There are 2 protein chains.
Amino acid sequence: MRPPHQDVPEATLRRLPIYYRCLQDMMAAGVVHVVSCADLARALGLDATLVRKDIEMTGIVGKPRVGYPLEDLVRWIENFLGLNRPKAAVLAGTGSLGSALMGYGKFRTHGMQIVAAFDIDPEKIGQPVHGMEVQPLFCLPDFVRNTGTPLGLIATPAGAAQSVADLMVSGGIRAIWNFAPAHIRVPRRIILQNEDLYYSLASLSFKLEHLMTVAPVESDLYVKNN
Amino acid sequence: MRPPHQDVPEATLRRLPIYYRCLQDMMAAGVVHVVSCADLARALGLDATLVRKDIEMTGIVGKPRVGYPLEDLVRWIENFLGLNRPKAAVLAGTGSLGSALMGYGKFRTHGMQIVAAFDIDPEKIGQPVHGMEVQPLFCLPDFVRNTGTPLGLIATPAGAAQSVADLMVSGGIRAIWNFAPAHIRVPRRIILQNEDLYYSLASLSFKLEHLMTVAPVESDLYVKNN
DNA sequence: TAGATTGTTAATCGATTAACAATC
DNA sequence: TAGATTGTTAATCGATTAACAATC
């Protein structure tokens, strides 16, 4: 029962879900019932020691010479990440993106359940979106307070993001998942995760221009001359 | 004209777009026309030296004692990341997410333009989505080949993601931006960027359970006892 | 027993931070 | 000139990789 549960590196936190999906796929395939770090590393093109360290963070104890029982490992990661304990979430903004988020049915089995949706547009308020009635935005803080909802999703236009974040914070939200293309500021105690497509696009754009040329031989020579 | 344009750290590539947006906001506010690394660092809660190193990667030369002309800096980052040279992109999958992506009008001014949309559903083919006629999926490879489109977006269900990726690769795509919740494999030369919400959700879930308690004093004592 | 794999400790590598010299 | 900020080099820190001992 080793894990400190503190200082789990961000990088580990990014990789564990990848292992999780890969292991689930293996389980679905049903070919093997035990998996070693080397197996996982090979499947994902990673270093085996890195995989082992990551997996150790979950606290599971494996069997030398054998590996980890596939199903056990899946459960440990699931439990470690909390994917089996869905967090309630409120959604602000029911445009195309917000609506798409509500349609992601599998969020519930992956740690989150959207329990209410809010919008400022009178035309949308009262209308059902994916079977849930849209509520007026000003009701959001009270809803968060009264239900103790820990997580808020922002899927508004950029201009509204900061004020919506403030509303969430005023209601006592603990974490914000921001999909609006805007930089928002929140108190230090709030967990903020930005899912900004423009940020992703920027690095993709760079790579496409610069990294992409795994150049043919002549060009390689040219490059070396620099 | 210093930058190697090779080995730009991933971390730098993630932060530059953040600076870019912040600087644009400053420009819009119009209060200042010159900015120092310390200014930027303060605005974003980062270390000033870190900001300077990142900015140096773009190759811009600043003035000691003064800083960087705001507009110049914006242009340098923009040019460095290639945001001013839109890349053509094809979209596969025109469900709610794909449709939302097509609706992101500002992609064009941020490095990407969706030039064609594909789907396998006969009901969607031929229909317009955001003013663009959906084409049958089997036409995708030829389209990519004939137009030299460098970038492919996958917004299909998980089950279809790998085969769509294969189609894109067969057409000669150079980069794939994958929004489907699935692990896909591509040849090493292809740039692959995953935008997997389940991965993000997993780390958010963990933080919500474990990191969130910036605990009151008694709890702090308790934690120390571990 | 022999050998493969885990668990753990040490070495390496890269990114961040700190220190300082150059300069407007 | 004095001082703030850039540009650059050195120190620190953390994550990855390598080495090895423990174990089934």
Side-chain angles (χ1 to χ4, degrees), chain A residues 1-19 23 26 32-74 76-77 80 203 206 211, chain B residues 1-19 23 26 32-74 76-77 80 203 206 211:
Chain A
M1 216 86 326
R2 128 174 358 78
H5 267 203
Q6 289 305 106
D7 26 286
V8 177
E10 270 294 319
T12 295
L13 234 35
R14 271 202 305 275
R15 284 187 299 261
L16 279 174
I18 300 176
Y19 305 160
L23 293 166
M26 288 180 182
V32 293
H33 294 90
V34 170
V35 67
S36 74
C37 294
D39 295 337
L40 246 186
R42 204 174 315 114
L44 295 168
L46 296 173
D47 179 87
T49 308
L50 182 66
V51 172
R52 188 164 330 122
K53 283 232 156 164
D54 288 338
I55 286 177
E56 267 171 27
M57 294 299 293
T58 68
I60 192 174
V61 176
K63 288 210 190 88
R65 167 70 209 274
V66 179
Y68 307 88
L70 186 44
E71 188 160 348
D72 289 5
L73 185 49
V74 169
W76 271 88
I77 297 179
F80 181 74
S203 76
F206 176 85
L211 254 67
Chain B
M1 219 86 330
R2 125 175 1 79
H5 267 203
Q6 290 307 105
D7 30 285
V8 177
E10 272 292 321
T12 295
L13 235 34
R14 271 201 306 274
R15 283 185 301 259
L16 279 174
I18 299 176
Y19 305 159
L23 293 166
M26 287 180 183
V32 293
H33 294 90
V34 170
V35 67
S36 76
C37 294
D39 295 337
L40 246 186
R42 205 174 315 115
L44 296 168
L46 296 172
D47 179 87
T49 308
L50 183 65
V51 173
R52 189 168 324 124
K53 283 233 156 162
D54 288 339
I55 286 178
E56 266 171 28
M57 295 298 294
T58 67
I60 192 174
V61 176
K63 287 208 192 89
R65 168 71 207 278
V66 179
Y68 307 87
L70 186 45
E71 188 160 348
D72 289 6
L73 185 50
V74 169
W76 271 89
I77 296 179
F80 182 74
S203 76
F206 176 86
L211 255 66

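Computed from a predicted structure; not experimentally measured. Naming: A, B, ... by sequence-line order, numbering from 1 per chain.
- Following rounding to the nearest Å, Leu70(B) (CG) and dT5(D) (C1') show an atom-to-atom distance of 17 Å.
- Nucleic acid contact for Thr49(B): base, since at least one base atom lies under 4.0 Å from a heavy atom of the residue.
- In this structure the side chain of Leu16(A) never reaches within 4.5 angstrom of the side chain of Phe206(B), judged on heavy atoms.
- For the pair Asp39(A) CG and dT6(C) C1', the computed distance is 13 Å after rounding to whole Å.
- Within the 4.0 Å cut-off from OP1 or OP2 of dT16(C), at least one side-chain nitrogen or oxygen of Arg15(B) is found.
- To the nearest 0.5 Å, the span separating CG on Leu73(B) from CD1 on Ile60(B) amounts to 5.0 Å.
- Distance OG/Ser36(B) to CZ/Arg42(B): 6.5 Å, rounded to 0.5 Å.
- OP1 or OP2 of dG7(D) has at least one side-chain nitrogen or oxygen of Tyr68(B) nearer than 4.0 Å.
- Comparing Thr12(A) and Val66(B) against DNA chain D, the residue whose closest nucleotide sits nearer the 5' end is Val66(B).
- Comparing dA4(C), dT16(D), dA18(D) by their closest approach to the side chain of Asp47(A) singles out dA18(D).
- Per the geometry, CD1 belonging to Ile55(A) stands 15 Å off P belonging to dT8(C), to the nearest Å.
- Between Val35(B) and Lys53(B), the residue whose closest nucleotide on DNA chain D is further toward the 5' end is Val35(B).
- Atom P of nucleotide dT16(D) and atom CD of Glu56(A) are separated by 14 Å, given to the nearest angstrom.
- Residue Arg14(B) contributes atom CZ, which lies 13 Å from atom C1' of dT16(C) at whole-angstrom precision.
- Nucleotide dA19(C) forms a Watson-Crick or G-U wobble pair with dT8(D), both donor-acceptor distances falling under 3.5 Å.
- Separating the OH atom in Tyr68(B) from the CG atom in Leu23(B) is a distance of 11.0 Å, to the nearest 0.5 Å.
- Leu40(B) has its CG atom 14 Å from the C1' atom of dT5(D), to the nearest Å.
- Atom-to-atom distance recorded for Arg15(B):CZ and Glu10(B):CD is 11.0 Å, nearest 0.5 angstrom.
- The base-pairing partner of dC24(C), taking Watson-Crick or G-U wobble contacts with both distances under 3.5 Å, is dG3(D).
- For the pair Glu10(A) CD and dA15(C) C1', the computed distance is 15 Å after rounding to whole Å.
- Minimum atom distance to the side chain of Leu50(B) is reached by dT17(C), of the listed dT6(D), dT17(D), dT17(C).
- Across the protein-nucleic acid pair, Arg52(B) atom CZ and dT16(C) atom P stand 15 Å apart, rounded to whole Å.
- When distances run from any side-chain atom of Val61(B) to the nucleotides dT5(C), dT5(D), dG7(D), the shortest one goes to dG7(D).
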